[in-house]
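First up is the structure itself, then whatever we jot down about it.
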Number of protein chains: 2
Amino acid sequence: MEFVDIVQRIHPLKKEDLQKLLSISETIQVSKNTVFIDTDKLSKYIYFLQEGICRIYYHKADIAVILAFSFPGEAMISLNSYIHGKRGYENIETLETSIMIRIEIASLQSLYENSTAIANWGRKLAEFEILKIEERLMQKLFKTASERYQDLLRKEANITNRVKLGFIASYLGVTQVTLSRIRAHIR
Amino acid sequence: MEFVDIVQRIHPLKKEDLQKLLSISETIQVSKNTVFIDTDKLSKYIYFLQEGICRIYYHKADIAVILAFSFPGEAMISLNSYIHGKRGYENIETLETSIMIRIEIASLQSLYENSTAIANWGRKLAEFEILKIEERLMQKLFKTASERYQDLLRKEANITNRVKLGFIASYLGVTQVTLSRIRAHIR
DNA sequence: AATAACTTTTTACAAATGTTAAAAAATCAT
DNA sequence: ATGATTTTTTAACATTTGTAAAAAGTTATT
């Protein structure tokens, strides 16, 4: 998906404002298994995934718990860095070599202060992030691991070929043994 | 907490912009056990709780699952109404007679279009909501029901006098039987 | 092709939570 | 205050999920 389309889908901008956003964005390639947003570090950038797949995870004691996978078109940020300019909690890692657009948060924020349209774009960006997280929470509250596994397959049919089952089990909030039982049961 | 303080804590506004916000807000009293945001209905307002306590809940099949309690100072909205202007999923009900400030969403949105400062206020409001939901999700992922119960007591020591345990169990995501076991174990 | 390293499934058993029902305790209304 | 209603706890049993270890399957490397 083109970055311009990702931007316009959030909140339509006139050429002039769009140009301002594009002028502070750059496309980068990140190789496989690279942690580009790191717990306890300040993240200077907001990223938009264009190609590839990433995992967002947190550390609980010594094990990693996967909160979500990111697919093309989605924004990826360290929430605490973006919102408070402080060190964050999430790790985000590429699971495949990925292409993404990054924007320096500081530059974006100065656009927010100087353009009503871009401030509203930033508002819609935040609002859509609310819906994304809300969706995750709802899924967690209302659906069984088995249902969530089947939802994931429906959304990304070949994810089991791209992401190992241990990661998917972590995302579902069950052990890999339980996921194996779910898989055995579905067939 | 005064509404002006709630507003300024989200994002400081100059007198002029603050005045615009105040001019479209009104204080209302809502009596106990009133559902003022209702599943499947469009909610025309955003609310800020000044006094009282509310529960945010969803219906799963025939039972209600409590997502959160709202305390003074917090915003309460039907997310889908606020963001998409469509019917929402959450129910919000007063558990005590409450005082709240309400603002018509449509009026607020026209302020967003015409004031950069208020657009940025709306952006910060959305960003803080992200953090609130993120916090809920994190608690759900990383903490046991027992830990979350103790966290709740630490935050609102007398909540067990104001909210029945069946509601607290629903919020914790366990049955009331399990909550009784937790309480018996803590003592 | 063979070995090593990693991933996934299976098994057996333990621990935690749910379900249902009943009893006990607390609260409310007259 | 007393009986009625609601809320909370306890008990017994069923079900689900976790833990640990072994087996089977897959992928990478020499």
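Numbered from 1 within each chain, the chains take letters A, B, ... in sequence-line order. Bear in mind the structure is a predicted one, so any value in this text is a computation, not a measurement.
The separation between B:His185 atom NE2 and D:dT9 atom C1' is 16 Å, rounded to whole Å. What separates CG of B:Leu172 from P of D:dT8 is a distance of 13 Å, to the nearest Å. Rounded to whole Å, atom P of C:dT17 lies 7 Å from atom CD1 of B:Ile182. The distance between atom CG of A:Asn33 and atom C1' of C:dC6, rounded to the nearest whole Å, is 14 Å. Straight-line distance from the CG atom of A:Asn161 to the P atom of C:dT8: 11 Å, rounded to whole Å. Summarising the geometry, the separation between CG on B:Leu179 and C1' on C:dT19 is reported as 17 Å, rounded to the nearest angstrom.
In terms of the side chain to side chain donor-acceptor pair (under 3.5 Å) criterion, residue partners of A:Thr39 (sequence neighbours excluded) are, by chain and number, A:Asn91. When the side-chain contact (heavy atoms from CB on, under 4.5 Å) test is applied to B:Asn161, the partners found at least two apart in sequence or on another chain are B:Asn158. For B:Leu153, the side-chain contact (heavy atoms from CB on, under 4.5 Å) test picks out B:Tyr149, B:Ile159, B:Thr160, with sequence neighbours left out. Partners of A:Asn33 under the side-chain contact (heavy atoms from CB on, under 4.5 Å) rule, at least two apart in sequence or in another chain, are A:Glu93. For B:Tyr89, there are no side chain to side chain donor-acceptor pair (under 3.5 Å) partners, not counting sequence neighbours. Looking at residues two or more places apart in sequence or on another chain, you find no side chain to side chain donor-acceptor pair (under 3.5 Å) involving A:Arg87. When the side-chain contact (heavy atoms from CB on, under 4.5 Å) test is applied to A:Lys143, the partners found at least two apart in sequence or on another chain are A:Gln139, A:Glu147, A:Arg148, A:Asp151. In this view, B:Thr116 and A:Thr116 satisfy the side chain to side chain donor-acceptor pair (under 3.5 Å) rule, not counting sequence neighbours.
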Enumerate all atom pairs, one protein N or O and one N or O from nucleotides 5-7 of chain D, separated by less than 3.5 Å.
{"unit_1": "D:dT7", "atom_1": "OP1", "unit_2": "B:Lys164", "atom_2": "NZ", "d": "3.1"}

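Summarising the geometry of B:Lys132 relative to B:Ala75, their closest heavy-atom pair is NZ-O, 3.4 Å, with the distance given to 0.1 Å.
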Quiz item: Can you give one letter per nucleotide of nucleotides 16-24 of chain D, going 5' to 3': B for a protein heavy atom under 4.0 Å from the base, S for sugar-phosphate only, - for none?
Solution: -SBBB----

Quiz item: When every nucleotide of nucleotides 22-30 of chain C is labelled 5' to 3' by its protein contacts under 4.0 Å (heavy atoms), B for base, S for sugar-phosphate only, - for none, what sequence of letters results?
Solution: ---------

Practice problem: Would you sort out whether A:Gln19 and A:Ser23 count as a side chain to side chain donor-acceptor pair (under 3.5 Å), showing the intermediate values? | Solution: CA-CA 6 Å; A:Gln19 197 47 51; A:Ser23 74; 5.8 Å; no

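Sorted by first and then second residue, the salt bridge (Lys or Arg N to Asp or Glu O under 4.0 Å) pairs involving residues 162-178 of chain A (not counting sequence neighbours) are A:Glu96-A:Arg162, A:Glu156-A:Arg162.
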